[in-house]
J.: 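The structure that follows is given in the form of structure tokens.
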Amino acid sequence: MGYIVEMGELYLAGNYKREKLAFVKGSGTRLFTEDGEEYLDFTSGIAVCNLGHSHPELVETLQTQAKLIWHTSNLYYTAPQAKLAKKLVELSFAEKVFFANSGAEAVEASLKLARRYAYENFGKDKNRFIALKNSFHGRTLGALSVTGQPKYWEGFEPLLPGVTFIPPNDKKALRSAFNEKVCAIILEPIQGEGGVYPLEKEFIELAKELCEKHNALLIFDEIQTGIGRTGKLFAYEHFGIEPDIMCLAKALANGLPLSAMLAKEKVMSALKPGTHASTFGGNPLACAVALKVLDIVSNPSFLKEVDLKGKILKEKIERLNEEKTKIIKEVRGWGLLIGIEFSISADGVYKKLLERKILVTQPKPNVIRISPPLIVNYRELDFFVENLKEVLVSLK
Ligand SMILES: *Cc1c(COP(=O)(O)O)cnc(C)c1O
């Protein structure tokens, strides 16, 4: 091990539980350490590098834009930002786009927009949020306040008041949480950090219905599920239900910091000049890359392929249980966002895959999440399943 890990340990804040691993280069589904050791990346940097590492077209796009312009502030317009907004509108339910830099910032913007929209149209008492238990929306105080996992709150309270948490897919709780004071409900179509739990269609349908009835807004946090991850460009397409506001981040610019909040014009019009802003938001470098990302990912045949790869991978993992070992409790998810829940701790599986130089994430103690780059090939999927099989057998 070289000096990078030691230097990082000396000088970086200790807020992450990092592996003693430093990568210096990436290519496609592979990451390389400074000694040239090769890892298979089935995390995509937590569902960020959906087109893999160092995608040639993205590198070229970034280089071209780097020679043109890096930053102007939002006092002016830039071509990449305007073109990306147009593209996002063409590809979604939305009519207007606000850009920021991270997932949490997009969530913050959505909470502020929901309150402001309610304030302008229905008065200042309509300011409450409904959010789901086990959700994850980010670490800033506002986003944390709608994140339904108390372990993340410890030592940071008091949080934003006015949030009611209900269990995911609990329609009765959803009905009783709604009233005229609710300005919005925020949901992830699949709870990613919560352990890869997809929401049920009937629950989403009811949320939509109640939002309409009570003049509240439906916010989808698609920060993890968007940009092709689930086999559709946006996960809301699986339900056939459009949100009022959608948050995007992670894979939007394949690793450059960029997030977006999308809405219909009627809703977004509540953000008048001076109501909200971001200095870096909609940075030309990130927007130029995101435009290219969307060109590639929104291609129907690309998305079909993601869906197919996901189905094959899920089926092969499910089959491992029958053949070899019974420690898999459930395999969940859509497209290439898959959670494997074990009847025992997943620590051993995680560690043994890492020893085999395969990177996955462990969002919950007994869950392994696999989110390979969407460009992963069938051979790599088989390689993963074969290794997982050997690991499970060795743990039996
Ligand atoms: C990652 C994530 C966030 C937070 O994004 P950051 O860029 O880390 O602020 C919010 N919501 C969901 C669903 C996420 O997966």
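Read the numbers this way: they start at 1 and go in the same order the structure lists the ligands and their atoms. Keep in mind that the numbers below use all heavy atoms, side chains included, and drop hydrogens, waters and symmetry copies.
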J.: Would you say the side chain of S145 lies within less than 4.5 Å of the side chain of W153, judging by non-hydrogen atoms?
T.: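 No, every pair of side-chain atoms sits at 4.5 Å or beyond.
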
J.: Which residue and atom name correspond to the protein heavy atom nearest atom 5 (O) of ligand 1, and how close is it?
T.: G103 CA, 3.3 Å

J.: Please lay out, stage by stage, how E315 and R319 fare under the test salt bridge (charged side-chain N to carboxylate O under 4.0 Å, His left out).
T.: CA-CA 6 Å; E315 204 182 290; R319 222 180 295 144; 3.1 Å; yes

J.: Please check if a non-hydrogen protein atom sits closer than 4.0 Å to atom 8 (O) of ligand 1.
T.: no

J.: Which protein heavy atom lies closest to atom 14 (C) of ligand 1, and at what distance to 0.1 Å?
T.: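 Answer, as residue, atom name and distance: K250 NZ, 2.9 Å.
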
J.: Test salt bridge (charged side-chain N to carboxylate O under 4.0 Å, His left out) on R30 and E380 and set out the steps.
T.: CA-CA 11 Å; R30 310 289 158 156; E380 290 165 327; 2.9 Å; yes

J.: Is it true that a side-chain atom of T164 and a backbone atom of I130 form a donor plus acceptor pair closer than 3.5 Å?
T.: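 Here the side-chain-to-backbone pair does not exist.
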
J.: Under the 3.5 angstrom rule, does the side chain of N254 hit a backbone N or O of N50 as a donor-acceptor pair?
T.: yes

J.: Determine whether F93 and F234 satisfy the following criterion, ring pair (Phe, Tyr, Trp, His ring centres under 6.0 Å), listing intermediate values before the conclusion.
T.: CA-CA 10 Å; F93 73 96; F234 305 114; 8.0 Å; no

J.: Under 4.0 Å from a heavy atom of Q224: which atoms of ligand 1 are those, numbered in the order shown and with their elements?
T.: 15 (O)

J.: Can you tell me which residue and heavy atom of the protein come closest to atom 11 (N) of ligand 1, and the distance to 0.1 Å?
T.: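 I find the closest protein heavy atom is D221 OD2, 2.7 Å.
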
J.: Between H137 and ligand 1, find which residue part has any heavy-atom pair under 4.0 Å and reply side chain, backbone, both or neither.
T.: backbone

J.: Quick check on contacts: which atoms of ligand 1 are under 4.0 angstrom from a heavy atom of A104?
T.: 4 (C), 5 (O), 6 (P), 9 (O)

